[in-house]
Amino acid sequence: MDYVNIALGKGRLAEKAFVWFEKIGICFPEYNKKSRKLIFVDETEKIRVVFVKASDVPIYVEQGAADIGIAGKDTLIESKANVYEIMDLGFGKCKFSVAAPKGFEEKLDRKRKVATKYPKVAKNHYEKKGEPIEIIKLNGSVELAPIIGLSDVIVDIVETGTTLKENGLEVIEDICEISARLIVNKVSFKTKNEQIYKIIKGLKNSLEKSI
Ligand code: PRP
């Protein structure tokens with residue numbers, strides 16, 4: 001039997017995903033939060049978990065390097081990967097918001113400068129509102145941009161709100177809710193159907209019980 005490969009983003013979703021794996025009887029004895037290992041295997045169930053950068057999960061699954069992935073809806077929207085989005089896993093809940101330094105006042109004499117790791121989300125949001133913007137694509141520490149004058153506002157993920165608060169920013173507008181999704185490679189869904197279906201069913205049952 002072939003292994004089923006699951007791509008997980010390093011970070012907050014991964015820890016929660018391992019809790020769910022355990023609930024449905026998939027065990028990775030070597031896993032612990034502090035480990036730097038990137039591959040974990042359940043030899044009994046023939047399941048292999050690989051840790052990748054969270055934003056790369058959709059591409060691993062689209063390309064078939066992983067059969068299944070757990071990715072935030074944020075990375076799915078941004079990647080536009082051609083995969084099956086099977087279900088909302090209900091964890092990793094957060095939202096996309098527009099934030100700005102406290103007391104921010106709009107300057108309407110020029111295009112609003114928006115710093116973000118999510119240019120598609122930002123573009124889409126402001127297009128819907130019919131407001132022209134200039135996007136400044138960053139890869140991290142986005143909160144810094146409006147503080148040091150690189151942008152007027154940011155479009156980013158807000159989970160607890162701590163990062164914004166600690167950097168003197170506040171939400172000025174919410175864009176949409178996001179959460180973790182289970183995604184599956186389109187070919188694997190057929191070729192490894194039985195194994196993948198078993199995982200999906202297990203997760204579905206556990207989720208239903210927890211509601
Ligand atoms: C996200 C986001 C914020 C932070 C918000 O970054 O870009 O910086 O989380 O979370 P909070 O509301 O709970 O403070 P992440 O931690 O995913 O790191 P990254 O910059 O490496 O993507």
Side-chain angles (χ1 to χ4, degrees), residues 6-21 31-39 49-62 65-66 68-81 83 85 88-104 112-126 133-183:
I6 304 179
L8 274 189
K10 282 179 269 180
R12 58 184 92 192
L13 288 188
E15 281 173 31
K16 287 171 187 155
F18 272 91
V19 173
W20 281 103
F21 290 150
Y31 172 76
N32 71 67
K33 277 186 221 171
K34 289 188 185 139
S35 170
R36 303 290 291 172
K37 257 174 84 76
L38 298 173
I39 300 181
V49 160
V50 294
F51 273 133
V52 303
K53 193 169 164 62
S55 53
D56 292 337
V57 170
I59 196 75
Y60 274 82
V61 176
E62 183 187 69
I68 294 178
I70 292 180
K73 183 68 181 172
D74 48 312
T75 51
L76 286 178
I77 296 173
E78 211 39 52
S79 78
K80 290 194 172 156
V83 295
E85 187 180 322
D88 186 341
L89 291 166
F91 58 84
K93 281 190 180 155
C94 43
K95 59 184 181 172
F96 270 125
S97 300
V98 182
K102 283 195 179 127
F104 165 76
R112 185 187 287 113
K113 287 187 185 174
V114 182
T116 186
K117 289 185 277 187
Y118 302 94
K120 290 196 183 97
V121 175
K123 185 168 173 275
N124 198 12
H125 175 65
Y126 283 102
I133 55 162
E134 181 187 328
I135 290 178
I136 297 161
K137 164 81 169 78
L138 296 177
N139 295 304
S141 300
V142 181
E143 293 80 8
L144 207 53
I147 300 169
I148 59 167
L150 180 61
S151 73
D152 299 305
V153 299
I154 63 171
V155 164
D156 202 10
I157 289 174
V158 179
E159 188 180 10
T160 60
T162 313
T163 313
L164 292 182
K165 201 171 164 209
E166 291 193 358
N167 291 289
L169 306 185
E170 62 186 3
V171 170
I172 54 171
E173 203 182 351
D174 284 330
I175 300 178
C176 64
E177 305 280 328
I178 45 190
S179 57
R181 307 295 156 101
L182 187 82
I183 56 172

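Residues take their numbers from the sequence shown, with the count starting at 1. Remember, it's 1-based here, ligands and their atoms both numbered in the order they're listed. Keep in mind that the numbers below use all heavy atoms, side chains included, and drop hydrogens, waters and symmetry copies. Please read these numbers as outputs of a predicted model, since none were measured by experiment.
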*asked:* I'd like to check the side chain to side chain donor-acceptor pair (under 3.5 Å) partners of Asn32; sequence neighbours left out, ordered by chain and number.
replied: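 Counting only residues at least two positions away or on another chain, Asn32 forms no side chain to side chain donor-acceptor pair (under 3.5 Å).
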*Would you say Ile157 contacts ligand 1, with heavy atoms under 4.0 Å as the rule?*
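Heavy atoms of Ile157 do come under 4.0 Å of ligand 1.
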_Can you tell me if Lys117 contacts ligand 1 (heavy atom of the residue under 4.0 Å from the ligand)?_
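Checking ligand 1 against Lys117, which is what was asked, there is a heavy-atom contact under 4.0 Å.
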Ligand 1 atoms in contact with [X] (distance to a heavy atom under 4.0 Å):
X: Glu143; answer: 3 (C), 8 (O)
X: Thr162; answer: 12 (O), 14 (O)
X: Asp156; answer: 2 (C), 3 (C), 7 (O), 8 (O)

_Heavy atom of the protein closest to atom 16 (O) of ligand 1 (residue, atom name, distance)_ =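 The closest one turns out to be Arg12 NH2, 2.6 Å.
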*Would you kindly specify which portion of Thr163 sits under 4.0 Å from ligand 1, judged on non-hydrogen atoms: side chain, backbone, both or neither?*
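Both backbone and side chain of Thr163 come within 4.0 Å of ligand 1.
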*Got a salt bridge between Glu85 and Lys73, using NZ or NE/NH1/NH2 to carboxylate O under 4.0 Å?*
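Looking at Glu85 and Lys73, the cut-off is met.
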_One thing to verify: whether Glu173 and Arg112 come together as a salt bridge, which I'm taking to mean a side-chain N less than 4.0 angstrom from a carboxylate O._
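No, this pair does not count.
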What about [X]: any of its N or O atoms under 3.5 Å from an N or O on ligand 1?
X: Thr160; value: yes
X: Asn139; value: no
X: Gly161; value: yes

_So for atom NZ, which belongs to Lys123, do other residues, nucleotides or ligands contribute more than 12 heavy atoms lying within a distance under 6.0 Å?_
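Counting other residues, nucleotides and ligands, NZ of Lys123 stays at 12 neighbours or fewer.
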*Greater than 12 external heavy atoms within 6.0 Å of Lys165's NZ*: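 For Lys165, atom NZ is not crowded (no more than 12 foreign heavy atoms under 6.0 Å).
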*Using atom types as modelled and distance alone, determine if a side-chain donor or acceptor of Asp174 lies under 3.5 Å from a backbone N or O of Ser97.*
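Not at all, since once roles are kept as given, no pair shorter than 3.5 Å links the two residues.
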*Over 60° means perpendicular and under 30° means parallel, so classify the ring planes of Trp20 and Phe91, tilted if in between.*
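Answer is parallel, since the angle falls under 30°.
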